[in-house]
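What follows is one structure encoded as structure tokens, with my remarks underneath.
Everything numeric here is computed off the predicted structure, so don't read it as measured data.
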2 protein chains.
Amino acid sequence: MTTINDIAKLAGVSRTTVSRFLNNSGYVGQEAGERIAQVINETGYMPSQSAQTLRTKKTGVIGIILPKISTETSSRVVSGINKVMKREGMQILLTDTELDPDKEIEYLRLLKSRQADGIILLATNIGERLQQEIEAFPIPVVALGQNIPGVPSLTYADYDASSDIMQLLIGKGHRKIGFIGVSETDPAVGKLRQSAYTDAMRRHNLEVKESWMAEGDFSIDSGYEAMKWIITGNRSDPPDAVFCVTDRMATGAMEYLKEQGFSIPGDVAVAGIGDAVMSRYITPSLTTVNYYNEEAGEAVGEMLLETMAGIKYSKKMMHKYRLIKRDSVW
Amino acid sequence: MTTINDIAKLAGVSRTTVSRFLNNSGYVGQEAGERIAQVINETGYMPSQSAQTLRTKKTGVIGIILPKISTETSSRVVSGINKVMKREGMQILLTDTELDPDKEIEYLRLLKSRQADGIILLATNIGERLQQEIEAFPIPVVALGQNIPGVPSLTYADYDASSDIMQLLIGKGHRKIGFIGVSETDPAVGKLRQSAYTDAMRRHNLEVKESWMAEGDFSIDSGYEAMKWIITGNRSDPPDAVFCVTDRMATGAMEYLKEQGFSIPGDVAVAGIGDAVMSRYITPSLTTVNYYNEEAGEAVGEMLLETMAGIKYSKKMMHKYRLIKRDSVW
DNA sequence: CTGAAAGCGCTTACAG
DNA sequence: CTGAAAGCGCTTACAG
């Protein structure tokens, strides 16, 4: 590999001058500059990132910690983050916890060792240890999707969006509303969305039956199983609507309902959250809420940039969302 | 940041010894080792990657060049690659060309400057310049999805899979088969799949009507428009089946057909390629072929590892696939 | 306008 | 079993 020394020699100047030329810092004589430019061109020289990093402490890389790489939400978010990082000439280092909370800490450390300039964390839980780790962390961290104390966080409007869904369902006359959620260890998706459900039911004096509530694990299959469990357990008194905290689980739930001959939304209305592409094309199309994940990615990217620039206040923001009424709810 | 010098001082040894301890190279006294281990633990010390890289020329990072980040195929592939790279303790640097061929070269150079240990290229085209760039490239490159001359490549069985689809359609008695493809600048998806279509038609002495063939751009909408164009242009003699080279375009095509009151597969059978999750849940469910993208990602990851290990033969492999018969074809 | 020198944090012969 | 020293490829005061 050609180094800055080779360039200097070939151009007949010192490497100091080459460096100045490269970084556009300080004066470089006209003639010298031209010779350097030429040599660089001929050799296809590229400065060594690791040497630069060692000196400047800047890698030009930010790390993203994702719960799961191959998910529609993740890829939309990454796409948004990528958009702003590209603008800044920064690269992205992807990291995937596969939903294992321990890995969140592990990757935080890894990214530290790789000297990421900043980190975007899409946490699924926010335990003690995680918070401690971040507190003493030498690298700017921002969170997306979960509110982490002391960390600039961009969250989705989980409670509000869920309330809107419930409002819609109740407004349409549904009284017996089931719920398919996920584990409450996930504050945003698990707790918040469920609270919105129970709060809405109570606010309208509707019965919250334990047997109408089931828990899935984000997968389509788990939605199918959850729906099955609810229906099987309430043969005589099935719900007439079901709120699923995720489009994928809603898809599974619909699959079961259709198999069993329930008409949607005639017998049972169904609503989800997330606006997966699929939701528009299944039959009936799914009523859901769009979280503008890509824009959220951009926004959290900007937050990170600001934080990296030294703006230290702990910013909390909630991202916009939009209720999308389709055919699975009348 | 704590450095190896801090650790050495705190443990009362030289940094040479700490380095040996860290890398498990050469002898380290029992007692010294224990002290070092302790100090490292207390400080949470992590060696600086850039310093290590500068010395060893290994970054532990591989680059992936993707046509588009937020796509089901991409995320499956990345997930597979990630699986094997994680095993090797390597990180992934993601790069997204947004379907711009110039960026393929740009990112190749970028990854060179970042000293990626290897590169996996998911090209969409394979122009002159790209090949030249790779030829003189100092870093191992492998390709997925396209066969690049002189480069170890793992390709999908585009021709065979498409032929199978056509065989199925023809076997079911379809004679007037339409085609929705993509630009032929894409050798794999554009050319190969189309060749399989025209070859199959000719082999069975079926007419290949220009007006039954349309071109989309991978998007659902473009499938919709392509189908519309075909139907509109053939009012008196519409095809009774259509082969779409992509599930997303097939989804759009079905959407249009359903809107227009065609029954699927009664009036028009539809088939795609890719096995998007969605394909299983739309109505009717879509006949398609599964390319095992995640496994392909693993396989190409292994190919890269081998290439990095110095195995230089230009390996060409074709990945397995599976025809999935569902309800959009009788 | 330009260069010599120090130093970033490691690893690796080499010598003991 | 351990350490001193050189060097990886840069950038950045500093001096001229």
Side-chain angles (χ1 to χ4, degrees), chain A residues 1-37 39-40 43-61 89 109-117 138-139, chain B residues 1-37 39-40 43-61 89 109-117 138-139:
Chain A
M1 288 282 258
T2 39
T3 74
I4 197 172
N5 285 308
D6 302 326
I7 303 300
K9 213 163 294 168
L10 288 170
V13 296
S14 75
R15 66 168 180 262
T16 308
T17 303
V18 178
S19 177
R20 268 197 295 266
F21 175 85
L22 248 21
N23 298 297
N24 228 287
S25 59
Y27 294 97
V28 175
Q30 162 100 6
E31 212 192 324
E34 278 166 12
R35 279 202 313 270
I36 295 172
V39 173
I40 287 180
T43 54
Y45 165 73
M46 279 282 209
S48 151
Q49 260 291 330
S50 49
Q52 287 181 328
T53 295
L54 188 55
R55 273 298 315 226
T56 63
K57 307 297 169 207
K58 291 286 157 224
T59 52
V61 168
R109 291 188 178 155
L110 177 95
L111 290 169
K112 177 165 81 180
S113 130
R114 292 208 170 273
Q115 292 159 79
D117 293 342
I139 299 170
Chain B
M1 287 282 258
T2 38
T3 73
I4 197 172
N5 286 308
D6 302 326
I7 303 300
K9 213 163 297 169
L10 288 169
V13 296
S14 74
R15 65 168 179 264
T16 307
T17 304
V18 177
S19 176
R20 268 197 295 265
F21 175 84
L22 248 21
N23 298 297
N24 227 289
S25 57
Y27 293 97
V28 174
Q30 162 101 5
E31 212 192 322
E34 277 165 13
R35 277 201 315 270
I36 295 172
V39 172
I40 286 180
T43 54
Y45 165 74
M46 279 284 209
S48 151
Q49 260 292 330
S50 50
Q52 291 186 137
T53 295
L54 188 56
R55 274 297 317 225
T56 62
K57 306 296 169 209
K58 290 286 159 227
T59 52
V61 168
R109 290 187 179 157
L110 177 94
L111 291 169
K112 178 165 79 180
S113 130
R114 293 208 169 273
Q115 295 159 78
D117 293 341
I139 299 170

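Side chains of B:Ser19 and B:Thr16: a donor-acceptor N/O pair is absent below 3.5 angstrom, by distance only.
Atom pair A:Asn5:CG and C:dA4:P shows a separation of 11 Å (rounding to whole Å applied). D:dC8 atom C1' lies 14 Å from atom NZ of B:Lys58, rounded to whole Å. At whole-Å resolution of the value, CD1 in B:Ile36 and P in C:dC10 are 13 Å apart. When the C1' atom of C:dG9 is taken as reference, atom CD of A:Gln115 falls 9 Å away, rounded to whole Å. Computed from coordinates, the B:Arg35 CZ to D:dC1 P distance equals 14 Å when rounded to whole Å. The CZ atom of A:Arg55 sits 8 Å away from the C1' atom of C:dA6 (whole-angstrom rounding). Atom CD1 in A:Ile4 sits about 12 Å away from atom P in C:dG3, given to the nearest Å. Here C:dA13 presents its C1' atom at 15 Å from CG of B:Asn23, a figure rounded to the nearest Å.
Across every non-hydrogen atom of A:Phe21 and A:Ala37, the tightest pair is CZ-CB, 3.8 Å.
Taking a 4.0 Å limit (strictly below) on heavy-atom distances, residues 8-20 of chain A reaches DNA chain D at A:Arg15, A:Thr16, A:Ser19.
At the phosphate of C:dT11, OP1 or OP2 sits under 4.0 Å from a side-chain N or O atom of B:Gln52.
In this structure, the side chains of B:Ser50 and A:Thr59 stay at 4.5 Å or more apart for every pair of heavy atoms. The side-chain heavy atoms of A:Gln115 and A:Thr53, taken from C-beta on, include a pair separated by under 4.5 Å. Looking at heavy atoms from C-beta onward, B:Ile139 lies out of side-chain contact with B:Leu111 at the 4.5 angstrom threshold. Side-chain contact between A:Arg114 and B:Val61: present, with at least one pair of heavy atoms (C-beta onward) separated by less than 4.5 Å.
Listed nucleotides: C:dG9, D:dG9, C:dC10. Nearest to the side chain of B:Pro47: C:dC10. Checked against C:dT11, D:dT2, C:dG9, the side chain of B:Tyr27 finds its nearest nucleotide in D:dT2.
The one candidate from A:Val28, A:Leu10, A:Ile7 that meets the side-chain contact (heavy atoms from CB on, under 4.5 Å) condition with A:Val18 is A:Ile7.
Comparing B:Lys57 and B:Ala32 by the nucleotide of DNA chain D that holds the closest heavy atom to each, the one mapping nearer the 5' end is B:Ala32. The 5' end of DNA chain C is approached more closely, in terms of each residue's nearest nucleotide, by A:Gly29 than by the other of B:Ala51 and A:Gly29.
Counted within 6.0 Å of NZ on A:Lys9, heavy atoms from surrounding residues, nucleotides or ligands total 12 or fewer; the atom is thus considered open.
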* Between A:Asp6 and A:Thr43, does a side chain to side chain contact (heavy atoms under 4.5 Å, CB included) hold up when you go through it step by step? -> CA-CA 9 Å; A:Asp6 302 326; A:Thr43 54; over 6 Å; no
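Across all strands, A:Tyr45 comes closer than 4.0 Å only to sugar-phosphate atoms, never to a base (heavy-atom distances).
Taking a pair as Watson-Crick or G-U with both hydrogen-bonding distances under 3.5 Å, the stems of three or more pairs touching DNA chain C are C:1-3 with D:14-16, C:5-12 with D:5-12, C:14-16 with D:1-3.
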